[in-house]
Amino acid sequence: MSTNQAVIDENSGLSHTHDEIFFPSVNQQSLALHDIKTGLLSWHIWFMLAYQDIRLRYRRSILGPFWITISMAITVYTMGFLYGHLFHMDLQQYYPYLVSGMLTWALISSAITELTDTFTTSDGLLKQIKLPYSLYVHRIITRNLIIFFHNLLVMLPIYVLFHQGAKININTLLLIPGIAFIYLNAAIFGLILAMIGARYRDISQIIKSLVQVIFFVTPIMWSPTILPQKDQIFVYLNPVYSYIELIRAPLIGNAPSLLCFGITLAMTLIGAIICSQLFTRYRARIIYWL
């Protein structure tokens, strides 16, 4: 909307017309919600991009993405044999516990490290094509989920050889809500990490170092039962342990505890609040950080 004002030049006596331009106010919260909604509805785009990422990584390879599965199988089978004897564990119980835990950790850790670099690694597309920012987060998560489903083949020998500690039963169906919880939290915290990673480039290296520390302090290779009773509470309150259990427990035929569901639900709500505030405020600045 514009209005005209006639101004008389005192020296020349000529009149000039100046335009006053009023820009409409922009609701950043509406734009942020529209971005998230459009990103979800564009599932065919981020799924195609995720699938293409994996194909490009293993192009001209005979086995293709199954090299990921072979590499994971060699790692977890070797670790199970080694640490099972070092910790004097019952292999019938320890092997399923370790393998399912490592599969889940591979999904979570790779998602965390890659989500931090979401916008910086996709700056070419961001600067050329107008797509929702949240779409790139879904791309990273979907790519890691495809790899995770490939890695599930590693569990097949475990079900056959260690059937006492790993079973397929009604609790296995809890894997579906567990993956849904992981996906939702990855999208929420991934968007936060992606914004921070775009603004502060050093944060990526910090996150990678923290992920290595979290691996050792979280019961992935070891069981909380080896700790004294009074110290086990600190393990159970570890949010990463709850995320691990959401997938590990159903994989070996157990149900995650209500405490795990409660902690992950609380983390989801806290993350959603923080994400909505940060994404609403800084969404428009992301492109200028790249």
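We use all heavy atoms of the structure for the numbers below, so side chains are in, but hydrogens, waters and symmetry mates are not.
Under the 3.5 Å distance criterion, the side-chain polar atoms of Tyr95 are matched with a main-chain donor or acceptor of Tyr77. No donor-acceptor distance shorter than 3.5 angstrom exists from the side chain of His88 to the backbone of Gly84, with no hydrogens or angles considered. A donor-acceptor contact shorter than 3.5 Å is absent between the side chain of Ser71 and the backbone of Trp67. The backbone N or O of Arg139 sits nowhere less than 3.5 Å from a side-chain atom of Thr142 that would complete a donor-acceptor pair.
A continuous path of ILVMFWY side-chain contacts below 4.5 Å connects Leu125 to Trp43, so both sit in one hydrophobic cluster. Linking ILVMFWY residues whenever their side-chain heavy atoms come closer than 4.5 Å, directly or via other members, places Leu126 and Tyr288 in the same cluster. The hydrophobic clustering, which links ILVMFWY residues whose side-chain heavy atoms are closer than 4.5 Å, places Ile129 and Ile287 together. By the rule that hydrophobic residues join a cluster once side-chain heavy atoms approach within less than 4.5 Å of another member, Leu174 and Ile158 end up as members of separate clusters. Note on Leu33: it does not cluster hydrophobically with Leu41, by side-chain heavy-atom contacts below 4.5 Å among ILVMFWY residues.
Using a 4.5 Å heavy-atom cutoff, the side chains of Phe181 and Phe261 are in contact. Between Ile54 and Ile146, the closest side-chain pair of non-hydrogen atoms falls below 4.5 Å. Side chains of Ser276 and Gln29 form no contact here, defined as non-hydrogen atoms less than 4.5 Å apart. Looking only at side-chain heavy atoms (C-beta outward), Thr69 and His150 come within less than 4.5 Å of each other. Here the side chains of Pro224 and Tyr236 are in contact, with some heavy-atom distance below 4.5 Å. At least one side-chain heavy atom of Ile192 sits under 4.5 Å from a side-chain heavy atom of Ile274. Proximity of Leu115 to Phe189: side-chain heavy atoms (C-beta onward) are nowhere separated by under 4.5 Å. Using a 4.5 Å cut-off on side-chain heavy atoms (C-beta onward), Val217 and Tyr241 make no contact.
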(message) Please determine whether side-chain contact (heavy atoms from CB on, under 4.5 Å) holds for the pair Leu153 and Met72, giving the CA-CA distance in whole Å, both sets of side-chain angles, and the decisive distance to 0.1 Å.
(response) CA-CA 10 Å; Leu153 294 175; Met72 176 62 70; over 6 Å; no

(message) For a side-chain contact (heavy atoms from CB on, under 4.5 Å) check, start with the C-alpha distance between Leu135 and Leu49, then their side-chain angles and the critical distance, and finish with the verdict.
(response) CA-CA 10 Å; Leu135 181 144; Leu49 290 173; 4.0 Å; yes

(request) Decide yes or no on side-chain contact (heavy atoms from CB on, under 4.5 Å) for Ile214 and Trp105, but give the supporting numbers first. (result) CA-CA 10 Å; Ile214 293 173; Trp105 172 251; 3.9 Å; yes

(message) Run Thr116 and Ile196 through side-chain contact (heavy atoms from CB on, under 4.5 Å) and show every step you take.
(response) CA-CA 7 Å; Thr116 308; Ile196 298 175; over 6 Å; no

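Leu191 and Cys275 get closest at one heavy-atom pair: CD2-SG, 3.6 Å. Residues Leu227 and Asp231 come closest through the heavy atom pair CD1-O, 4.4 Å. In terms of heavy atoms, Tyr94 sits closest to Tyr83 at OH-CB, 3.3 Å. In terms of heavy atoms, Pro132 sits closest to Thr38 at CG-CG2, 3.6 Å. The nearest pair of heavy atoms linking Thr280 to Gln28 is O-CB, 3.5 Å. Here the shortest heavy-atom pairing between Leu290 and Ala198 reads CD2-CB, 4.1 Å.
For the atom pair Thr120 OG1 and Ile203 CD1, the distance stands at 12.5 Å (nearest 0.5 Å). Atom CG of Leu278 is separated from atom CZ of Arg283 by 14.5 Å, given to the nearest 0.5 angstrom. Distance check: Ile74 CD1 to Met79 CE gives 14.0 Å after rounding to the nearest 0.5 Å. Taking CD of Glu114 as the start and CD1 of Ile207 as the end, the distance is 14.0 Å to the nearest 0.5 Å. Atom CG of Leu107 is separated from atom CD1 of Ile141 by 9.5 Å, given to the nearest 0.5 angstrom. Residue Leu86 holds its CG atom at 4.5 Å from CG of Leu82, rounded to the nearest 0.5 Å.
Judged as a side chain to side chain donor-acceptor pair (under 3.5 Å), the pairs with a partner in residues 187-206 (not counting sequence neighbours) are, in order, Asp117-Ser204. Counting only residues at least two apart or in different chains, side chain to side chain donor-acceptor pair (under 3.5 Å) contacts with residues 123-135 comprise Asp35-Ser134. Evaluation of the side chain to side chain donor-acceptor pair (under 3.5 Å) test over residues 151-178, restricted to residues two or more places apart or in two chains, returns none.
The hydrophobic cluster containing Leu173 also includes Ile170, under a criterion of side-chain heavy atoms closer than 4.5 Å among ILVMFWY residues, counted directly or through chains of members.
Every residue meeting the side-chain hydrogen bond (donor to acceptor under 3.5 Å, both in side chains) condition with Ser110, not counting sequence neighbours, appears here in chain and number order: Asn144.
For CG of Leu258, the number of neighbouring non-hydrogen atoms (other residues, nucleotides, ligands) closer than 6.0 Å is 12 at most.
Taking the six-membered ring for Trp and thresholds of 30 and 60 degrees, Phe119 and Tyr136 have ring planes more than 60 degrees apart, a perpendicular arrangement. Between Phe47 and Tyr51, the angle of the ring planes stays under 30°, which puts this pair in the parallel group of the 30/60° scheme.
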In a table with atom names and distances, give each donor-acceptor pair under 3.5 Å that connects a side chain of residues 242-255 to protein atoms at least two apart or in another chain.
unit_1, atom_1, unit_2, atom_2, d
Tyr243, OH, Asn185, OD1, 2.7
Glu245, OE2, Arg248, NE, 2.8
Glu245, OE2, Arg248, NH2, 2.9
Arg248, NH1, Pro219, O, 3.2
Arg248, NH2, Tyr97, OH, 3.2
Arg248, NH2, Pro219, O, 2.8

